[in-house]
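Each chain gets a letter, A, B and so on, in the order the sequences are listed, and its residues count up from 1.
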Amino acid sequence: MNEGTKGLSVFETRKAIIEMLREEGVNPYPDRFERTHTLEEARSLPEGTPGVRVCGRLISLRKMGKLAFGHLQDISGKVQISVSVDSCGAEGFERFKKRIDIGDFLGVAGSMFRTRTGEITVAVNDYQLLGKSLRSLPEKWHGLQDVELCQRKRYLDLIMSEETRRRFLLRSRIVREIRSFLELHRFIEVETPVLCSQYGGANARPFITHHNTLDIDVYLRIAPETYLKRLIVGGFDRVYEFARCFRNEGSSPAHIQDFTMLEFYAAYWNYRDNLNFTRELLLTVLEKATGTTQCSFQGETIRFENPWRIVTFQDLIREHSGIDILEHPTKESLLKACNKSGIVLEDIDADRAAWATLVDSIYKKTCRPRLIQPTVLIGHPRALSPLARANDNHPEIADRFQIVVCGTEIVNAYSELVDPIDQRARLEEQARHRAAGDEEAMMLDEDYLEAMEYGMPPISGFGMGIDRFVALLAGEENIRSVVLFPLMRPEESSTNAV
RNA sequence: GGGUGGGUAGCUCAGCUGGCAGAGCAUGGGACUUUUAAUCCCAGGGCCGCGGGUUCGACCCCCGCCCCACUCACCA
């Protein structure tokens with residue numbers, strides 16, 4: 001067909017075709033195409049509809065002597081096209097066969113008809129190349145199977161996999177519905193710094209970089225919390241942010257270093273108000289984004305509409321390990337109880353770990369993996385929550401809740417600590433942990449403390465891992481499956497190219 | 001970081017006891033006016049992840065390294 005291209009690679013062959021096109025006066029990369037319908041819209045047009053102009057990527061092609069069928073694909077769907085000697089003329093058909101390849105972007109004009117096998121199809125009487133492809137697409141039947149390739153070349157995964165397209169469209173829809181629910185409830189969307197001279201709001205190690213002009217090291221935020229609370233001080237009494245956060249720590253199916261966290265803060269609410277709101281938020285978003293308030297995970301049906309079990313740390317740990325943490329108020333006593341119950345806490349530095357750290361690790365070890373249905377966990381030790389308000393009646397615990405689904409924390413929320421003097425004392429405590437070598441302990445943020453000293457109303461805040469939430473609703477076990485371009489080590493070829 | 005599995009053509013995958021590197025899709029040539037994993041005939045395409053070693057001979061065995069997935073540990 002294309003004389004003189006025998007033995008060349010696909011890439012070289014296609015480049016040769018581009019040269020031929022240019023010689024023929026055809027621009028292989030034109031600047032626009034007038035489209036009348038998306039492909040999904042075209043599919044529902046009645047037979048005989050004339051003047052249909054659609055476009056997309058040609059993803060399959062079946063050529064015969066005087067007739068060819070293929071499918072165009074766009075984000076809405078696919079539609080079959082037919083190009084023939086009858087509809088495009090002998091010359092037009094020959095040029096189609098010689099110059100158009102699978103993978104090309106193509107615009108066609110024609111009318112709708114139904115084939116013998118009943119498929120609605122565009123009978124093309126004119127076509128235009130809209131973007132020449134130089135590489136062959138992955139195998140049409142299996143698509144991209146290599147997980148590494150799917151992540152490195154997500155665009156190919158998206159071209160080849162309907163399931164992948166649906167997954168990322170779901171993510172967009174979830175974010176849209178969350179935003180719309182918050183807007184409906186008068187929350188104001190804001191953007192706070194990603195590059196910070198102080199980091200806080202969570203216990204995690206940050207990424208550090210350098211600001212050349214100011215000649216200071218700066219951190220990528222690990223959470224937006226203290227900035228959002230400064231805004232409450234400033235009078236924005238309901239704020240939220242979809243915050244890209246960065247934590248320089250290990251990766252796992254549930255952890256990625258560059259992730260998205262939704263945080264919102266509402267003045268005049270306590271954590272109970274927040275829990276009621278959160279339930280409404282999640283049920284509404286689920287219903288609107290997925291059409292149901294259930295999802296399925298590892299063969300289990302997760303029913304969000306059922307009443308969520310509310311359980312304290314103390315009761316939950318007692319239930320799963322037999323240990324009553326309040327009967328063991330010192331770490332020595334608690335460690336002894338663990339040994340007696342046969343709970344092995346490897347990698348816990350028994351000398352350095354505080355009582356609260358032990359509690360947390362007993363919970364993660366014995367309880368969290370078994371919390372499959374949505375569970376509201378309350379009664380966290382105050383020491384685990386340096387920015388949370390202590391309970392008025394039980395000052396050793398925090399007014400805080402977490403929502404755990406499928407063994408994963410989805411939501412973390414509390415009544416915020418708004419007392420600047422108490423906050424200073426707690427951050428000083430954290431600073432002592434830092435000095436003792438705990439890299440994840442929070443920094444003492446004078447600027448934040450000063451903001452608090454101007455006065456804060458009652459506040460309740462909320463944080464949710466968007467990637468985890470989406471993965472849950474998409475039935476994915478690895479959050480990388482719902483991140484378009486997860487960070488990976490660069491390939492050799494791309495490092496050499498520099 | 002530890003453990004397990006994987007890396008072979010652009011893609012999806014075979015590859016026997018260590019004995020010439022294979023198929024399908026894709027690509028090039030030919031036939032074909034209702035195909036849809038089109039079909040039929042022919043052809044081209046390989047740093048078997050990288051580097052050592054053992055061997056007459058290594059995709060295969062041994063050692064080291066790189067990348068990916070899962071898993072354990074820390075973190076959401």
S.K.: Among the nucleotides B:rU34, B:rU27, B:rC13, which one has an atom lying closest to any side-chain atom of A:Leu67?
M.R.: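 Selected nucleotide: B:rU34.
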
S.K.: Quick one: list whatever passes salt bridge (charged side-chain N to carboxylate O under 4.0 Å, His left out) with A:Arg221, sequence neighbours left out.
M.R.: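 Partners of A:Arg221 under the salt bridge (charged side-chain N to carboxylate O under 4.0 Å, His left out) test: A:Glu241.
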
S.K.: At under 4.0 Å between heavy atoms, what does A:Ala68 touch on the DNA or RNA strands: base, sugar-phosphate, or nothing?
M.R.: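 The answer is nothing, as A:Ala68 stays clear of every strand by at least 4.0 Å.
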
S.K.: If every non-hydrogen atom of A:Glu40 is compared with every non-hydrogen atom of A:Gly77, which pair is closest and at what distance?
M.R.: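 Heavy-atom minimum between the residues: OE1-CA, 4.1 Å.
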
S.K.: Choose from B:rU27, B:rC75, B:rU35 the nucleotide whose nearest atom is closest to any side-chain atom of A:His255.
M.R.: B:rC75

S.K.: Would you state whether a donor and an acceptor, one from the side chain of A:Asp101 and one from the base of B:rU27, lie under 3.5 Å apart?
M.R.: no

S.K.: Please report, rounded to the nearest Å, how far the P atom of B:rU33 is from the CD atom of A:Gln80.
M.R.: 17 Å

S.K.: Of all the nucleotides listed (B:rC70, B:rC32, B:rU33), which has the minimum atom distance to the side chain of A:Pro253?
M.R.: B:rC70

S.K.: Write down the distance separating the P atoms in B:rA43 and B:rC60, rounded off to the nearest Å.
M.R.: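 Between the two P atoms, the distance is 30 Å.
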
S.K.: Please state the P separation for the pair B:rG18 and B:rC72 - nearest whole angstrom.
M.R.: 35 Å

S.K.: Rounded to the nearest Å, what distance is computed from the CD1 atom of residue A:Ile81 to the C1' atom of nucleotide B:rU34?
M.R.: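 For the pair A:Ile81 CD1 and B:rU34 C1', the rounded distance is 14 Å.
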
S.K.: Which listed nucleotide (B:rC11, B:rC70, B:rA69) is nearest to the side chain of A:Leu144?
M.R.: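 The answer is B:rC11, which lies nearest to the side chain.
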
S.K.: Could you pull out all residues at least two apart from A:Asn478 that satisfy side-chain hydrogen bond (donor to acceptor under 3.5 Å, both in side chains)?
M.R.: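 side-chain hydrogen bond (donor to acceptor under 3.5 Å, both in side chains) list for A:Asn478, sorted by chain: empty.
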
S.K.: Among B:rA69, B:rU27, B:rU35, which nucleotide sits nearest the side chain of A:Glu119?
M.R.: B:rU35

S.K.: Is there a donor and acceptor pair closer than 3.5 Å between the side chain of A:Thr13 and the base of B:rU27?
M.R.: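 No.
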
S.K.: Considering only atom C1', compute the distance from B:rG49 to B:rU39 and round it to an integer number of Å.
M.R.: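 It comes out at 38 Å once rounded to the nearest Å.
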
S.K.: For residues 57-79 of chain A, which residue pairs pass the ring pair (Phe, Tyr, Trp, His ring centres under 6.0 Å) check, not counting sequence neighbours?
M.R.: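 Applying ring pair (Phe, Tyr, Trp, His ring centres under 6.0 Å) to every pair that reaches into residues 57-79 of chain A, excluding sequence neighbours, yields nothing.
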
S.K.: Distance check: side-chain N/O of A:Lys365 vs OP1/OP2 of B:rA73, anything under 4.0 Å?
M.R.: yes

S.K.: Rounding to the closest angstrom, what is the interatomic distance between B:rC63 and B:rC70 at atom P?
M.R.: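 26 Å, rounded to whole Å.
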
S.K.: Output the single nucleotide from B:rU27, B:rU34, B:rU12 whose closest atom is nearest the side chain of A:Val10.
M.R.: B:rU27

S.K.: Side chain of A:Ser252 only, please: which of B:rC75, B:rU35, B:rU33 is the nearest?
M.R.: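 Nucleotide nearest to A:Ser252's side chain: B:rC75.
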
S.K.: Quick one: salt bridge (charged side-chain N to carboxylate O under 4.0 Å, His left out) partners of A:Arg43, sequence neighbours excluded?
M.R.: none

S.K.: Considering only atom C1', compute the distance from B:rC40 to B:rG22 and round it to an integer number of Å.
M.R.: 22 Å

S.K.: If B:rA23 has a Watson-Crick or G-U wobble mate with both distances under 3.5 Å, name it; if not, just say none.
M.R.: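 For B:rA23, the partner nucleotide comes out as B:rU12, under the 3.5 Å rule.
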
S.K.: Between A:Phe277 and A:Phe181, how do the two ring planes meet: parallel, tilted or perpendicular, split at 30° and 60°?
M.R.: tilted

S.K.: Using the P atom as the reference point in each nucleotide, state the distance between B:rG46 and B:rC11 in Å, no decimals.
M.R.: 14 Å

S.K.: At 4.0 Å (heavy atoms only), tell me whether A:Gly250 reaches a base, stays on the sugar-phosphate, or touches nothing.
M.R.: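 Here A:Gly250 touches the bases of the nucleic acid.
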
S.K.: Round to a whole Å and report the spacing from CZ of A:Arg152 to P of B:rC11.
M.R.: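 For the pair A:Arg152 CZ and B:rC11 P, the rounded distance is 13 Å.
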
S.K.: Please report the distance, rounded to the nearest Å, between CD1 in A:Ile256 and P in B:rA69.
M.R.: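 In whole Å, B:rA69 P lies 10 Å from A:Ile256 CD1.
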
S.K.: Using the C1' atoms only, state how far B:rA58 lies from B:rA21, rounded to an integer number of Å.
M.R.: 13 Å

S.K.: Where do N or O atoms of nucleotides 37-39 of chain B meet protein N or O atoms at under 3.5 Å, pair by pair?
M.R.:
unit_1	atom_1	unit_2	atom_2	d
B:rA37	O3'	A:Lys140	NZ	3.0
B:rA38	OP1	A:Lys140	NZ	2.1
B:rA38	N6	A:Lys63	O	3.1

S.K.: Round to a whole Å and report the spacing from NZ of A:Lys97 to C1' of B:rG28.
M.R.: 14 Å

S.K.: Can you tell me how the ring of A:Tyr363 sits relative to the ring of A:Phe313, calling it parallel under 30°, perpendicular over 60° and tilted otherwise?
M.R.: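 Tilted.
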
S.K.: Can you list everything that forms a salt bridge (charged side-chain N to carboxylate O under 4.0 Å, His left out) with A:Arg309? Sequence neighbours excluded, please.
M.R.: A:Glu319

S.K.: From B:rU34, B:rA73, B:rC67, pick the nucleotide closest to the side chain of A:Arg116?
M.R.: B:rU34

S.K.: Quick one: is A:Asn248 getting a side-chain N or O under 4.0 Å of the B:rC75 phosphate, OP1 or OP2?
M.R.: no

S.K.: Any N/O pairs under 3.5 Å between the protein and nucleotides 1-8 of chain B? List them or say none.
M.R.:
none

S.K.: In whole Å, what separates the P atom of B:rC59 from that of B:rC47?
M.R.: 14 Å

S.K.: Only one of A:Leu156, A:Leu149, A:Asp157 passes side-chain contact (heavy atoms from CB on, under 4.5 Å) with A:Pro138; say which it is.
M.R.: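 The side-chain contact (heavy atoms from CB on, under 4.5 Å) with A:Pro138 is passed solely by A:Leu156 among A:Leu156, A:Leu149, A:Asp157.
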
S.K.: Using the salt bridge (charged side-chain N to carboxylate O under 4.0 Å, His left out) criterion, which residues pair with A:Arg370? Sequence neighbours excluded.
M.R.: none

S.K.: Can you tell me how far P of B:rU34 sits from CD of A:Glu47, to the nearest Å?
M.R.: 18 Å

S.K.: Which residues pass the side-chain contact (heavy atoms from CB on, under 4.5 Å) test with A:Glu91, sequence neighbours left out?
M.R.: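 Per chain and number, A:Glu91 pairs via side-chain contact (heavy atoms from CB on, under 4.5 Å) with A:Arg95.
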
S.K.: Over how many whole Å does the gap from A:Ile479 atom CD1 to B:rC75 atom P extend?
M.R.: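 My rounded result for the distance is 16 Å.
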
S.K.: Send over the distance from A:Tyr199 OH to B:rC75 P, rounded to a whole Å.
M.R.: 15 Å

S.K.: Of all the nucleotides listed (B:rU34, B:rU27, B:rC74), which has the minimum atom distance to the side chain of A:Glu249?
M.R.: B:rC74

S.K.: Could A:Arg230 and A:Tyr227 be counted as a cation-pi pair, given that NZ or CZ must be under 6.0 Å from the ring centre and within 45° of the axis?
M.R.: yes

